[in-house]
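Below is one structure, written out as structure tokens; the observations come after it.
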Amino acid sequence: MTLRLYNTLTHRLEEFVPLAPPRVTLYTCGPTVWNYAHIGNFRTFVFEDVLRRYLAYAGYAVEHVMNLTDVDDRTIGAAARAGVRLAAHTAPFADAFFEDCRYLRIAPAAQYPRATRFVPQMVDLVQRLLDRGVAYRGDDGSVYFGIDKFPAYGRLSQVDRRELKAGARVSSDEYDKADARDFVLWKAAKPEDEAVGAAWDAPFGRGRPGWHLECSAMAQALLGETMDIHAGGVDLIFPHHEDEIAQSEAATGKPLARFWLHAEFLQIAGTKMSKRYGNIVTARDLREDGWDAAAIRTLFCSTQYRKQLQFTDDALRAAATGAARLAEFRARLASAPPGGGGGLPALARALEAAFGAAMDDDLDAPRALAALMDFVRDANRELDQEGGAAPASRDAALAAFDRVAEVLQVVPAPSAAVSITATSAPGAGSGAAAVAGEDPVPPAAGEDVAAWAERLARIRFAARGRKDWPRADRARTLLQEHGFEVRDTKEGVQVVPRRQVPGA
RNA sequence: GGUGCCGUAGCCAAGUGGUAAGGCAGAGGUCUGCAAAACCUCUAUUCGGCGGUUCGAAUCCGCCCGGCACCUCCA
């Protein structure tokens, strides 16, 4: 297996080889904790999660660092409006972010450095750049990076230096720079900054870090001068990552990152999701609506990360249906009766081969998902024909399925609710007899729903045994009304929570 | 104006020179008392348009049309 990734720095697909295998250092730009992150933000974070999970699947030891930006124009502005200190404003949103990550099954990074806790490192970096003469102090007391001192400037974003001058927003620049293209490293403290506690002392003047500075300082402090992969959203290519490269490499003389990966935007109604456009959907909105994170991740996996993704209710619903199919299959396979299933090990090998080939090709998740769907169909057919699977075959199939599912995280979590099979087997026999003449009734107030559902399953099973269809149907109708699905099998009556497709 | 990405069935989407994966939705069928789940069959003579290269193009080249994003603090 050879993993190839599209490197924004070189503008082509490259074979991924870490600097010091099996270790892979990964730095990803995290959220600005001024508000709740929206699912557009999370599309990128989920992509990064799939990336690191796949690297782990491929045998690498990933060291992942994700920063939290807790000081910038927006956090300061929001704190000022709320009349609280900066940290008081950002802390709840940082907590909310971690909560959302857990919901979306994003594996925790090894470290989540926050900008405000790395101010000394940032001050050091600015001082080094001043000492080297690539940074200068403006008349306003801020410190700027002079891009004419860094010839490689513009390599990542391919923005021609002359065109940059004609940039659309340059005229709105509010700072005192020698050249419009220069960017701020350290912003001189303003009263608004002081008011919320967003100002620090430095040899070159009291102030606060510019946007890009934190990533350069924290990445170097935690991962060293050169990391294997730096990832983020496409919007960060310019200026954020371009500027990170300039300030880091001007200070160290070494490449900041060997691979630069950028995820395309999630779109809603044809445009990017942004607070500016007021078309925000947050992770907590989706959670409150009852969506399983697997549905969201399935939707995200249905488009390769370098392509724009359309987020619509229909698409999410379709993804949820597909994800439910995976959970359905997982449960069926795990509880397959022994015997047969000789074809499963070969299917399992084919799954992992196809999955690896797809993911190796610049993390082609749609193809990887298709491989999983192929496997599910083929294995279901095998189970249909064989009526079961020998433990060794079953376990081989289960292991492959789980390894793949571990990377994508597209299988809905097993429900905490009941999954009951009422049978006439010994032990259940007495129960079946006891309910034989019972009429199905709705659960009593305060009654345990699981126990109630099990009793109705027994009632239906007994009724079916007597061909008492009206009673059997009443039991099923009641169960359906209470969110359960009823399946009659050779083994008995199975009652499972109805798969979750909100709004369907 | 500059830079980049993209346009494949009702919808999502893979495929980047050898004759159109997969999913969702829909139709029919097997199974079932009826269902559900699962499986089977069907649903693009065609890949935004027009030219060109080639034995052969969704795939390469040119032009055109359409969409999206970035161009100083947006993932």
Side-chain angles (χ1 to χ4, degrees), chain A residues 8 11 28-32 37-48 69 72-74 154 157-160 162-170 172-175 177 180-184 187 210-212 231-240 242-243 262-267 270-276 298-299 302-304 306-310 312 314-315 317-322 325 328-329 331-332 354 358 361 364-374 376-378 380-385 464 467-469 472-473 476 480 485-489 494 496 498-499:
Chain A
T8 309
H11 317 291
T28 60
C29 287
T32 300
H38 56 69
I39 51 159
N41 302 126
F42 279 110
R43 193 236 171 146
T44 297
F45 301 143
V46 167
F47 148 66
E48 291 159 353
T69 298
D72 81 321
D73 290 354
R74 289 175 301 168
S157 55
Q158 295 211 108
V159 176
D160 185 88
R162 281 168 307 181
E163 293 305 331
L164 210 58
K165 246 180 192 168
R169 288 195 232 163
V170 168
S172 67
D173 195 86
E174 54 182 299
Y175 300 105
K177 299 183 287 192
R181 302 162 296 168
D182 291 349
F183 60 91
V184 67
K187 295 178 160 186
W211 178 31
H212 323 300
V234 283
D235 57 318
L236 299 183
I237 295 172
F238 187 89
H240 186 52
E242 193 72 73
D243 291 350
H262 293 97
E264 253 298 350
F265 272 132
L266 174 149
Q267 300 211 353
T271 57
K272 68 189 262 189
M273 183 172 289
S274 164
K275 293 189 176 86
R276 246 178 35 210
T298 300
L299 176 59
S302 73
T303 302
Q304 205 259 357
R306 287 197 291 125
K307 294 179 81 172
Q308 289 160 357
L309 169 78
Q310 296 294 338
T312 63
D314 277 352
R317 212 168 287 132
T321 305
R325 177 176 157 80
E328 202 70 63
F329 168 74
R332 181 187 187 193
D361 186 12
D364 194 341
R367 218 162 94 211
L369 202 53
L372 191 57
M373 288 298 181
D374 281 339
V376 168
R377 187 195 57 238
D378 293 344
N380 262 326
R381 186 196 294 130
E382 178 85 4
L383 290 174
D384 277 353
Q385 290 168 355
R464 291 190 76 232
K467 298 193 189 301
D468 180 356
W469 310 129
D473 288 346
R476 179 171 62 193
Q480 285 170 338
E485 212 165 73
V486 175
R487 297 175 191 168
D488 302 318
T489 67
Q494 194 182 24
V496 296
R498 185 164 36 232
R499 74 184 182 203

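These figures come from a predicted structure and were not determined experimentally. Proteins get letters first, then strands, A, B, ... in listed order; numbering begins at 1 in each.
Contact annotation: Lys307(A) does not reach the phosphate of rC12(B) (side-chain N/O to OP1 or OP2, under 4.0 Å). Residue Arg74(A) places at least one side-chain N or O closer than 4.0 Å to OP1 or OP2 of rA75(B). Contact annotation: Arg367(A) reaches the phosphate of rG15(B) (side-chain N/O to OP1 or OP2, under 4.0 Å). Close to rC40(B), at under 4.0 Å from its OP1 or OP2, lies a side-chain N or O of Arg381(A). One finds no side-chain N or O of Asn380(A) lying less than 4.0 angstrom from the OP1 or OP2 phosphate oxygen of rA38(B).
Arg377(A) contributes no side-chain N or O that forms a donor-acceptor pair with the base of rC39(B) under 3.5 Å.
At whole-Å resolution of the value, CG in Leu369(A) and P in rG23(B) are 10 Å apart. For the pair His212(A) NE2 and rA75(B) P, the interatomic distance rounds to 13 Å; values are reported in whole Å. Spacing between atom CD1 of Ile237(A) and atom P of rU72(B) amounts to 14 Å, rounded to whole angstrom units. Rounded to an integer number of Å, the gap from Asp361(A) CG to rA21(B) C1' is 14 Å.
Considering only residues two or more places apart in sequence or on other chains, Asp378(A) meets the salt bridge (Lys or Arg N to Asp or Glu O under 4.0 Å) condition with Arg381(A).
Here rG22(B) is the nucleotide among rA35(B), rA25(B), rG22(B) with the atom lying nearest to any side-chain atom of Ala370(A). In the set rU72(B), rG4(B), rU32(B), rU32(B) carries the atom at the smallest distance from any side-chain atom of Arg464(A). Distance from the side chain of Met373(A) is smallest to rG22(B) among rA37(B), rC39(B), rG22(B). Closest to the side chain of Ala318(A), from the set rG7(B), rA75(B), rC24(B), is rC24(B). The side chain of Thr303(A) lies closest to rA13(B) when the candidates are rA13(B), rA14(B), rA36(B). The side chain of Asp364(A) approaches rG15(B) more closely than any other nucleotide in the set rG15(B), rG33(B), rC24(B).
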Check nucleotides 67-69 of chain B for protein N or O atoms closer than 3.5 Å to its own N or O atoms and list the pairs.
| residue | atom | partner | partner atom | Å |
| --- | --- | --- | --- | --- |
| rC68(B) | O2' | Gln267(A) | NE2 | 2.1 |
| rC68(B) | O2' | Gln308(A) | OE1 | 3.2 |
| rC68(B) | O2' | Gln308(A) | NE2 | 2.9 |
| rC68(B) | O2 | Gln308(A) | NE2 | 3.2 |

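Using cut-offs of 30° and 60° for the angle between ring planes, the His212(A) and His240(A) rings count as tilted.
Nucleotides of RNA chain B nearest to Gly233(A) and Lys467(A) differ in position, and the one nearer the 5' end is that of Lys467(A).
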